[in-house]
Amino acid sequence: MSSAEEQAELAVAELRSAWGVQPDGVWAAPGRVNLIGEHVDYNGGRCLPLALTRVTAAAARRRDDDRVRLASTDPSAAPFEGTLADLGPGAVSGWAAYAAGTLWAVQQAGVDVPGMDLAVSSDVPLGAGLSSSASLEAAVAIAAAELAGRDDDEALRHLLIRAAIRAENEVVGAGTGGMDQTVALLAEEGSALLIHTRDLRTEPVHLGLAEAGLELMVIDTRVSHTLADGQYAERRADCDEAARQLGLEWLSDAGPADVERLADPRLRARARHVVSENQRVDTVVELVRAGRVAEIGPLLDASHASLRNDYEVSAVELDVVVAAAREAGALGARMVGGGFGGSAIALIRPGDAEAVGDAVLAACRQRGLAEPVTLTVTSGPAARRIC
Ligand code: ADP
Ligand code: MG
């Protein structure tokens, strides 16, 4: 059974046990991993994520009144009950803010969202840097839109992306730049998605990993982070200040020479990361499009170094697994996501998977760190109706 089918069954079972109803439909939306282009999405830059085959499934049933009841199979997520009028900023907290906040934002965008009973189930690890949050938002958003009778087309998907971003920014209170929601709703199976984050324009980029005899491994350090914490906001503030000092709307418009004009060494380092990371995205896209995906390893390595040294968002766990993966034969490796824990990726040859898995485990054990979990990922489709 596929991950989506499995999660769909679990979501339906949860809908039955939590709210005692059968679904009108089940929708699923993927987590993601970002191949390259980290911490550029709020700087108007470019990134290249791919959707995972792991998903959050949402089973939902339309109600005739204005009540909204939400449940999750996640044991730490308490059920939520409210009304359509009461789902916005300040009204909801905890996990329900992601789901209720999405319903609020979809309503705000002019969709006639009905009252509903909804339950979710996910195999995207929570807080691991694989964007369980956007997969939850996207699954709830598309479920709500279809329960409202909207046709699923490109215009709707763009509306839902904006709504999911609003939910996370305004209701959850987490600073997210839009990469996660965009890939969850627009990804194409087998491809990564080049996102121009300032206008959310996208282009699929066929990866051809299997053809090149390669695999992408995710290494979850199992050290959790929350994007809602102060570090993310501090980095955003640094970037805004650097852009302001350079007289730019977007820091991604700076060139290497502009960076050197910044007097403050911290702002200079932050800007250096953003500018060099955008260049690395462009180079990776060129290589992948030329069928040379096997050559992107050094760019992944350079991205990690930049995130660690200039952007200062790595963590000892991430540095240890990245170094161990490389030593065990990975062609390149880097931390992904917001940082301070979460996951890393490694580009590997399938024959090296076991050696790389063993090496990262041994390295963490030796240092007394949490034991990481590794998984091989392939590029899956965007949010969709399952049944
Ligand atoms: P990431 O998106 O990298 O997984 P975040 O901190 O952005 O990490 O989002 C994780 C949060 O999203 C969880 O702490 C929880 O509040 C919420 N969440 C995600 N998926 C689920 C789920 N299936 N059930 C309940 N809450 C979820
Ligand atoms: Mg998230």
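One-based numbering, in listed order, for ligands and for the atoms of each.
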For [X], the ligand 1 atoms whose distance to one of its heavy atoms is below 4.0 Å:
X	value
Ser122	23 (N)
Leu130	3 (O)
Ser72	22 (C), 23 (N), 24 (N), 25 (C)
Gly129	3 (O)

Using 0.5 Å steps for rounding, measure from the [atom1] atom of [X] to the [atom2] atom of [Y].
X	Y	atom1	atom2	value
Ser132	Leu52	OG	CG	11.0 Å
Leu331	Leu300	CG	CG	9.0 Å
Leu194	Thr202	CG	OG1	8.5 Å

Just by distance, with hydrogens left out, do [X] and [Y] show a side-chain donor and acceptor under 3.5 Å apart?
X	Y	value
His273	Asn309	no
Glu203	His196	yes
Ser72	Glu14	no
Arg280	Ser306	yes

Looking only at distances, please establish whether an N/O atom of ligand 1 is found under 3.5 Å from an N/O atom of [X].
X	result
Gly127	yes
Thr56	no
Ser121	no
Ser132	yes

Practice task
For Gly337 and ligand 1, answer yes if some heavy atom of the residue is under 4.0 Å from a ligand atom, otherwise no.
Solution key: no
Handout entry: Smallest separation among heavy atoms of Ser191 and Leu50, with atom names
Key = O-CB, 4.0 Å
Problem - Minimum non-hydrogen distance to atom 21 (C) of ligand 1, winning option of Val55, Asp74, Leu136 - result: Leu136
Exercise for the section: Could you tell me whether any N, O or S atom belonging to Thr176 is less than 2.8 Å from the Mg ion (ligand 2)? Expected result: no
